[in-house]
Amino acid sequence: MKFEKIQAPKGVREYLPPESQGFEWVREQLIAPAKEAGYQLMELPVFEDTNLFTRGVGESTDVVSKEMYTFEDRGGRSITLRPEGTAGVMRAVIEQNLDRGQLPVKVWYSGQFFRAERPQAGRYRQFYQVGIEAIGIEDPALDAEVIAIADRGFKNLGLKNYQLEITSLGDAQSRASHRVDLLAFISELNLDEETSNRAKINPLRLFDDKRPEMQAAMLKAPILLDYLSEESAANFAAVQRYLKAMRIDFTINPRMVRGLDYYTGTTFEFVHSDLGAQSGIGGGGRYDGLMETLGGQSLSGIGFGLGVDRALLAAIAESTLPSQEFSSDLFIIPLGELAKEEALVIAQGLRLSGVRTELAFGDRALKGAMKAADKSGARYVIVLGESELTARTVELKRMSDGVVTSIKIDQLQNELSRALSLSSNSQ
RNA sequence: GUGGGCGUAGCUCAGCUGGUAGAGCACUCGGUUGUGGUCCGAGAUGUCGCGGGUUCGAGCCCCGUCGUUCACCCCA
């Protein structure tokens, strides 16, 4: 009887060893700056009431209108796998009254998100993001800090071929007056049906059209930045000033368009140049009305989401992944039953003191075990046989050059700690 | 949702105008007593994605389907 193999669902990306080590590293590097800045973990469900997204993200967006994984649970409730992170954070903040405490609420999150799109390079139906949100305070310095944290994450990865683009979507008045002029401008253009439908949903989207003739046509379109109210303009100027003070490079892209409806004010995107069509590696911005829309008080927030999958692709493209980071320090090969027991005990002790230790299993021939040790990338190897057990002494072999030194088993921990720190200092 | 490319051993692929499958790498064992990376030798592995059709005969042609990949829409 042979059973058919079951495949992974379409569009999911799995990270298996050894690549998973790079993934784990990237995710940690991306979020570390947020932890250092006092943001705290918020662990949220991956599925939510569908209304959270239709109301929060906006029904007119592509994300909501055609990319959500929505299903009915056994109680007849409409449930959706989260397509982005901010709405869930806001829901939790409102539901648990976190906005009644000290502001801003500063949280980070990390996990899977889901969008039912056609898969493509760097675009998957299940993808990973890390993100932060800072809720309850309107201060351009906070905007600058949030951007700086995202930028630090990418710098932690060693990335160079990326660019930070910022703009401001202004306040409601700024957008309303710009919209009137933009619609007037667009009505003068000869648009095909599909495009003009898109314009009706959100005229700003036309700025993002990739067709050269559209780009050319939109060059003369009125720019939102020219319509900013005095206050919005001052805010945006301050954000730029702060970024410059922190020596964070950016360009102003007045034609930037974000896919989610809730953004207002400062908005930004990180774009990488080596990734093909899906070049956005992160983005975010301020959202003034979201909390109120979701039934909370009227507080503003700002946050970002960084794509872990794409950041990993970028790190691979720029060859910035560390290689030695992931391998063990020591590989123990026991020969015989007694040695096996002893090896387990020794390994436990060494691991407790921070020496990354692997064992050979399965009574393989010594040659095979040495091969396994070699492939593990371990920096040192010891063979534990009868003679070693009686002498309580092992030969510590350094794999890089094969040099062997004789060491008492009791001294193994000290010697290894010293040898490892010496060689890592000299790197 | 739309369009193009691709689907042959674990991996990367070859397979000429249709005649019932190969290479490299990886893997296992060995090159005499317990030491890896090089070298040499031996070995195992495929319903040629799946289903139909054309044909005396299909991995090669046709149709469908699934998957994959790239791009569009859109986005991390």
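The chains referred to below are lettered A, B, ... by the order of the sequence lines, with proteins before strands, and numbering in each begins at 1. Just so it is clear, the model here is predicted, and its values are computed rather than measured.
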With a 3.5 Å limit on both atom pairs, tell me what B:G59 is paired to, counting Watson-Crick and G-U wobble, or say none.
none
May I have the distance from A:E117 (atom CD) to B:U69 (atom C1'), rounded to whole angstrom?
16 Å
Going from CZ on A:R123 to CD on A:Q278, what distance comes out if it is rounded to the nearest 0.5 angstrom?
5.0 Å
Tell me the partner of B:U65, counting only Watson-Crick (N1-N3 plus N6-O4 or O6-N4) or G-U wobble (N1-O2 and O6-N3) with both under 3.5 Å; none if nothing fits.
B:G49
Could you give the distance separating B:C29 and B:U69 at their C1' atoms, to the nearest angstrom?
39 Å
Are A:R152 and A:E145 close enough for a salt bridge, meaning some N to O gap below 4.0 Å?
no
Can you check the A:Q278 CD to B:A71 C1' distance for me, whole Å?
9 Å
Going by ring pair (Phe, Tyr, Trp, His ring centres under 6.0 Å), name the residues that satisfy it together with A:Y287, two or more places apart in sequence or in a different chain.
A:Y262
With a 3.5 angstrom cut-off on both distances, give the Watson-Crick or G-U wobble partner of B:G41, or none if there isn't one.
B:C29
Pick base, sugar-phosphate or nothing for A:G122, based on heavy-atom distances below 4.0 Å to the nucleic acid.
base
Whole-Å distance, A:L204 CG to B:C73 P, equals 17 Å
Integer-rounded Å distance: B:C74 P and A:K66 NZ
7 Å
Distances under 3.5 Å between protein N/O atoms and the N/O atoms of nucleotides 41-43 of chain B, please, pair by pair.
none

According to side chain to side chain donor-acceptor pair (under 3.5 Å), who are the partners of A:E292, at least two apart in sequence or on a separate chain?
A:S298
Name the nucleic acid region contacted by A:G11, choosing base, sugar-phosphate or nothing; use a 4.0 angstrom heavy-atom cut-off, strictly under.
sugar-phosphate
Partner of B:A71 under the Watson-Crick or G-U wobble criteria, both distances under 3.5 Å, comes out as B:U2
What pairs with A:E95 under side chain to side chain donor-acceptor pair (under 3.5 Å), at least two apart in sequence or on another chain?
A:R91
Between A:E24 and A:R27, does any side-chain N to carboxylate O distance fall below 4.0 Å?
no
Considering residues at least two apart in sequence or located in another chain, which fulfil the side chain to side chain donor-acceptor pair (under 3.5 Å) criterion with A:D261?
A:S60
Tabulated below should be each protein N or O lying under 3.5 Å from an N or O of nucleotides 30-38 of chain B; please produce it.
residue : atom : partner : partner atom : Å
B:G31   : O6   : A:K367  : NZ           : 3.3
B:G34   : O6   : A:S387  : N            : 3.4
B:G34   : O6   : A:S387  : OG           : 3.0
B:G34   : N1   : A:S387  : OG           : 3.4
B:G34   : N1   : A:E388  : OE1          : 3.0
B:G34   : N1   : A:E388  : OE2          : 3.3
B:G34   : N2   : A:E388  : OE2          : 2.5
B:U35   : O2'  : A:K397  : NZ           : 2.7
B:G36   : O2'  : A:D374  : OD2          : 3.2
B:G36   : N7   : A:K397  : NZ           : 2.9
B:G36   : O6   : A:G402  : N            : 3.4
B:G36   : N1   : A:M399  : O            : 2.6
B:G36   : N2   : A:D374  : OD1          : 3.0
B:G36   : N2   : A:M399  : O            : 3.1
B:G36   : N3   : A:D374  : OD1          : 3.4
B:G37   : O4'  : A:D374  : OD2          : 3.4
B:G37   : N2   : A:S400  : O            : 3.2

Measure from CZ on A:F23 to P on B:A76 and round the result to the nearest Å.
17 Å
Gap in Å between the two P atoms, one belonging to B:G67 and one to B:U20, rounded
33 Å
Rounded to whole angstroms, how far apart are CZ on A:R115 and C1' on B:C73?
14 Å
Looking across every strand, which nucleic acid part, if any, lies under 4.0 Å from A:F113 by heavy atom: base, sugar-phosphate, or nothing?
nothing
Between A:I147 and A:F250, is any pair of side-chain heavy atoms under 4.5 Å apart?
no
Not counting sequence neighbours, which residues clear side chain to side chain donor-acceptor pair (under 3.5 Å) with A:E19? List them please.
A:R13
Pair of N/O donor and acceptor under 3.5 Å linking B:C74 base with A:R123 side chain:
yes
With the six-membered base ring of B:A76 as reference, does the ring of A:Y128 sit under 5.5 Å away with planes under 30° apart?
no
B:G19 to B:C72 separation - C1' atoms, rounded to the nearest Å:
43 Å
Atom C1', compared across B:G37 and B:G4: separation rounded to whole Å
45 Å
Got a sec, which residues hit side chain to side chain contact (heavy atoms under 4.5 Å, CB included) with A:K35, two or more places apart in sequence or on another chain?
A:E28, A:I31, A:W108
For residues 115-159 of chain A, which residue pairs qualify under ring pair (Phe, Tyr, Trp, His ring centres under 6.0 Å), counting only residues two or more places apart or in two chains?
A:F23-A:Y128, A:F154-A:Y162, A:F154-A:F270
Nearest-angstrom distance, C1' atom, B:G10 to B:G46
11 Å
With a 4.0 Å cut-off on heavy atoms, is A:A373 in touch with a base, just the backbone sugar-phosphate, or nothing at all?
nothing
Along RNA chain B (nearest heavy atom to each residue), the more 5'-positioned of A:G305 and A:A277
A:A277
By the salt bridge (charged side-chain N to carboxylate O under 4.0 Å, His left out) test, which pairs, at least two apart or in different chains, include something from residues 249-259 of chain A?
A:R258-A:E269
Reading nucleotides 4-12 of chain B from 5' to 3' and marking B where a protein heavy atom lies under 4.0 Å of the base, S where only the sugar-phosphate is that close, and - otherwise, the string is ---------
Can you confirm whether the side chains of A:T167 and A:T267 place a donor and an acceptor under 3.5 Å from each other?
no
Whole angstroms only, please: what is the NZ-C1' distance between A:K10 and B:U65?
12 Å
For the OH atom on A:Y242, are there more than 12 heavy atoms of other groups (residues, nucleotides or ligands in this structure) within a distance under 6.0 Å?
yes
For B:G22, which nucleotide in any strand shown is its Watson-Crick or wobble partner with both distances under 3.5 Å?
B:C13
What distance, rounded to whole Å, do you find between the two P atoms, one in B:C66 and one in B:U12?
24 Å
Given the C1' atoms of B:U55 and B:A71, what is the spacing between them in whole Å?
38 Å
Atom C1', compared across B:C48 and B:A23: separation rounded to whole Å:
16 Å
Between atom CG in A:D62 and atom C1' in B:C73, what is the gap in whole Å?
7 Å
For B:U54, the Watson-Crick or wobble partner whose two distances fall under 3.5 Å:
none
Are any of A:R364's side-chain N or O atoms less than 4.0 Å away from OP1 or OP2 of B:U28?
yes
Under the rule for salt bridge (Lys or Arg N to Asp or Glu O under 4.0 Å), what residues qualify as partners of A:K408, not counting sequence neighbours?
none
Taking only side-chain nitrogens and oxygens of A:Q120, does any of them come within less than 4.0 Å of OP1 or OP2 of B:C72?
yes
Strictly by Watson-Crick or wobble contacts shorter than 3.5 Å, is anything paired with B:U35, and which nucleotide is it?
none
